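Working notes for the structure below.
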Protein chains: 2
Amino acid sequence: MNNLDESLLTPLALFSKLDRAQIRTILDLATPCRFDLGATVFEEGQEAEFFYLLLDGYVRVVRLTPEGDQVIALHIPSGHLFGIAAALGHTTYPATSVAAAECVCLSWPMKLLQEFLTTYEGLSTGVYGAVGQRVEDMNNRILELATQQVEQRVANALLRLVQQTGHKTDEGIEIGFPITRQDISEMTGSTLHTVSRLLSAWEREGTIKSTRKKIVVTDPHKLVRHST
Amino acid sequence: MNNLDESLLTPLALFSKLDRAQIRTILDLATPCRFDLGATVFEEGQEAEFFYLLLDGYVRVVRLTPEGDQVIALHIPSGHLFGIAAALGHTTYPATSVAAAECVCLSWPMKLLQEFLTTYEGLSTGVYGAVGQRVEDMNNRILELATQQVEQRVANALLRLVQQTGHKTDEGIEIGFPITRQDISEMTGSTLHTVSRLLSAWEREGTIKSTRKKIVVTDPHKLVRHST
DNA sequence: CCCGCAGTTTGTCTTGGCGCAAAGAGGCGT
DNA sequence: ACGCCTCTTTGCGCCAAGACAAACTGCGGG
């Protein structure tokens with residue numbers, strides 16, 4: 001038993017169908033951990049020993065091509081599980097996870113995942129629902145990459161980031177973690193040069209404001225127009 | 001009870017962990033159905049009433065952009081389930097399914113899927129394993145679209161088709177169902193013109209042979225070279 | 001048998017966006 | 001305060017591949 005508070009987990013949609021005792025049991029088996037910005041949580045190909053619940057921060061899931069190009073597969077917002085590929089029959093991690101901000105997580109040994117899923121009916125629907133959500137995201141991503149131009153893809157990426165992680169400031173909505181042009185290019189299958197040009201143009205027309213590693217969307221509506 | 005033979009299902013990897021009685025039970029609840037080439041099995045957005053097991057033929061899963069561009073998300077080879085998105089929390093089909101060849105299927109009402117998954121432990125690992133496989137495929141697809149050139153993507157698509165559906169002929173390995181340049185362009189995020197040019201070039205150099213709607217890969221090794 | 005259509009091929013023109021290069025510019029450590 | 005390092009901006013040339021156009025060709029149907 002550890003001294004974690006149930007109030008950490010209770011508000012999460014994932015656990016909404018479980019009662020206090022069940023949450024307590026799951027929580028007691030968890031080990032908390034922290035990751036600094038840029039730290040690697042696990043790497044593609046490693047034996048999948050643990051799965052994680054992100055309590056605070058943002059995690060980036062990336063893949064590398066044999067040629068060394070990096071592609072950002074998705075961003076995990078807080079409150080979500082990651083590293084759960086074992087639930088889909090993998091024994092090794094299929095991608096690398098990097099902390100995109102200071103992160104606080106809980107982790108469990110992977111073999112408990114199978115156990116939790118069969119024991120707690122309500123948890124399994126939540127987990128597989130989350131998987132379904134990510135499958136749909138990936139599907140949309142494929143659609144975008146296959147049919148849209150770079151400008152539209154970048155606009156869409158920003159809108160998605162703003163929606164998932166944005167918080168209001170007096171200037172507009174700011175993306176919740178430090179992000180570079182390079183990062184955005186890796187999310188959209190482009191280059192940092194092209195992304196920089198686009199952001200500059202959008203800044204000139206008053207759609208966004210940006211400093212290094214920080215982007216504030218001042219006029220989401222204009223951005224939407226660039227995305228279609 | 002219907003007059004289907006257990007030998008239909010027994011050899012499938014999906015059912016390898018089930019005993020004869022279990023297979024019999026599942027089979028008795030199935031209704032068989034056929035689809036002609038080009039027929040739509042279900043459409044994106046429809047209420048997901050049934051899920052399917054493809055016994056023979058090939059099914060193509062496609063998505064449409066708001067602008068009307070079509071993208072082929074994946075091909076289902078025989079022996080695999082499709083239309084199972086409800087297992088991932090969806091109540092409507094997230095994509096459209098079209099018969100890419102003459103197809104023979106079994107179908108079950110969707111609510112039985114939940115039941116099967118909880119009742120037959122062995123089935124659920126198989127089903128979720130298949131989902132995991134498709135997630136990985138999609139991930140690789142994203143990687144390709146984001147980093148590779150059209151030539152490499154087309155070569156990869158052909159290699160995948162050959163591997164999944166190919167059968168030997170005296171000239172080489174033939175793709176198992178009729179496929180057009182347009183189809184290939186929709187699989188790779190390109191245009192039929194560019195695909196046509198590539199295939200012509202490859203035919204000239206002796207890598208493939210093709211007639212309308214038919215492609216035979218005579219030299220897979222050369223194709224591999226184009227894919228990297 | 002011939003017509004018509006769906007699918008394919010090829011040519012030419014245009015352009016989005018990548019590669020390369022080099023010069024700013026903000027933040028951080030000492 | 002200084003310099004370094006990382007991130008960003010911008011210019012220029014070029015090429016892959018899309019857009020447009022037009023001709024060609026099997027195949028199926030009447």
Side-chain angles (χ1 to χ4, degrees), chain A residues 36-38 65 67-72 98 100 144-158 175 177-205 207-216 226-227, chain B residues 36-38 60 65 67-72 98 100 102 144-158 175 177-205 207-216 226-227:
Chain A
D36 289 330
L37 193 156
T65 65
E67 292 79 34
D69 300 309
Q70 205 171 69
V71 173
I72 297 178
V98 176
E144 262 186 42
L145 283 166
T147 64
Q148 296 192 321
Q149 315 244 101
V150 171
E151 179 177 21
Q152 303 172 313
R153 303 207 300 267
V154 172
N156 273 315
L158 283 192
I175 291 173
F177 56 90
I179 187 165
T180 66
R181 313 290 186 253
Q182 174 80 34
D183 292 333
I184 296 176
S185 76
E186 288 174 5
M187 297 176 59
T188 53
S190 175
T191 63
L192 79 160
H193 307 280
T194 303
V195 172
S196 177
R197 276 179 243 272
L198 285 171
L199 295 195
S200 298
W202 291 343
E203 183 141 21
R204 252 174 267 130
E205 71 177 28
T207 308
I208 64 168
K209 275 184 192 290
S210 76
T211 62
R212 74 170 23 199
K213 294 198 173 196
K214 227 178 75 171
I215 298 177
V216 181
H226 286 295
S227 76
Chain B
D36 289 329
L37 194 156
R60 174 175 298 159
T65 65
E67 291 79 34
D69 300 309
Q70 206 172 65
V71 173
I72 297 178
V98 176
E102 297 290 307
E144 263 186 42
L145 283 167
T147 64
Q148 296 191 321
Q149 316 245 100
V150 172
E151 179 177 21
Q152 304 173 313
R153 303 206 301 266
V154 173
N156 273 315
L158 284 191
I175 290 174
F177 57 89
I179 187 164
T180 67
R181 313 290 186 255
Q182 173 80 34
D183 292 333
I184 296 176
S185 76
E186 288 174 5
M187 297 176 60
T188 54
S190 175
T191 62
L192 79 160
H193 306 280
T194 304
V195 171
S196 178
R197 276 179 242 271
L198 284 170
L199 295 195
S200 298
W202 292 343
E203 184 141 20
R204 253 174 267 130
E205 71 176 29
T207 308
I208 64 168
K209 276 184 190 291
S210 76
T211 63
R212 75 173 24 201
K213 294 198 172 195
K214 227 177 73 172
I215 299 177
V216 181
H226 286 296
S227 75

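Lettering follows sequence order; numbering is per chain, from 1. None of these values were measured; they are calculated from a predicted model.
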Heavy-atom check, side chain of [X] versus side chain of [Y], under 4.5 Å:
| X | Y | result |
| --- | --- | --- |
| B:E186 | B:V71 | no |
| A:T180 | A:D183 | yes |
| B:Q152 | B:H226 | no |

Using atom [atom1] of [X] as one end and atom [atom2] of [N] as the other, report the distance to the nearest whole Å.
| X | N | atom1 | atom2 | result |
| --- | --- | --- | --- | --- |
| B:L199 | C:dT8 | CG | P | 9 Å |
| B:R204 | C:dT8 | CZ | P | 16 Å |
| A:I184 | D:dC7 | CD1 | P | 13 Å |
| A:I208 | D:dT8 | CD1 | C1' | 13 Å |
| A:K214 | D:dT8 | NZ | C1' | 16 Å |
| B:L145 | C:dG17 | CG | P | 15 Å |
| A:Q149 | D:dA17 | CD | P | 14 Å |
| A:E67 | C:dG19 | CD | C1' | 17 Å |

Hey, which of these two, A:R212 or A:Q148, hits DNA chain C nearer its 5' end, going by closest nucleotide?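 Here A:Q148 is the residue nearer the 5' end.
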I'd like to know if [X] reaches the base of [N] with its side chain, counting only an N/O donor and acceptor under 3.5 Å.
| X | N | value |
| --- | --- | --- |
| B:R181 | C:dT9 | no |
| A:H193 | D:dT8 | no |
| A:R197 | C:dG16 | no |

With sugar-phosphate meaning primed atoms plus P, OP1 and OP2, does B:L192 contact a base, only sugar-phosphate, or nothing at under 4.0 Å between heavy atoms?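 Base contact.
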What nucleic acid atoms does B:T180 come within less than 4.0 Å of, heavy atoms only: base, sugar-phosphate, or nothing? sugar-phosphate
Taking the side chain of [X] as its heavy atoms from C-beta onward, which of [options] lies nearest to it?
| X | options | value |
| --- | --- | --- |
| B:V150 | D:dC7, D:dA17, C:dG7 | D:dA17 |
| A:T194 | D:dT10, C:dG26, C:dG17 | C:dG17 |
| A:T191 | D:dG18, C:dG19, D:dA17 | C:dG19 |

Taking B:E203 for the side chain and B:K209 for the main chain, is one N or O donor matched with an acceptor at less than 3.5 Å? no
N or O in side chain of B:T211 less than 4.0 angstrom from D:dG26 OP1/OP2: no
Tell me, with the steps shown, if A:I184 and A:L199 meet side chain to side chain contact (heavy atoms under 4.5 Å, CB included). CA-CA 11 Å; A:I184 296 176; A:L199 295 195; 4.3 Å; yes
When the nearest nucleotide of DNA chain D is assigned to B:E151 and to A:S196 on a heavy-atom basis, which residue is associated with the more 5' position?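 Its nucleotide being nearer the 5' end, the pick is A:S196.
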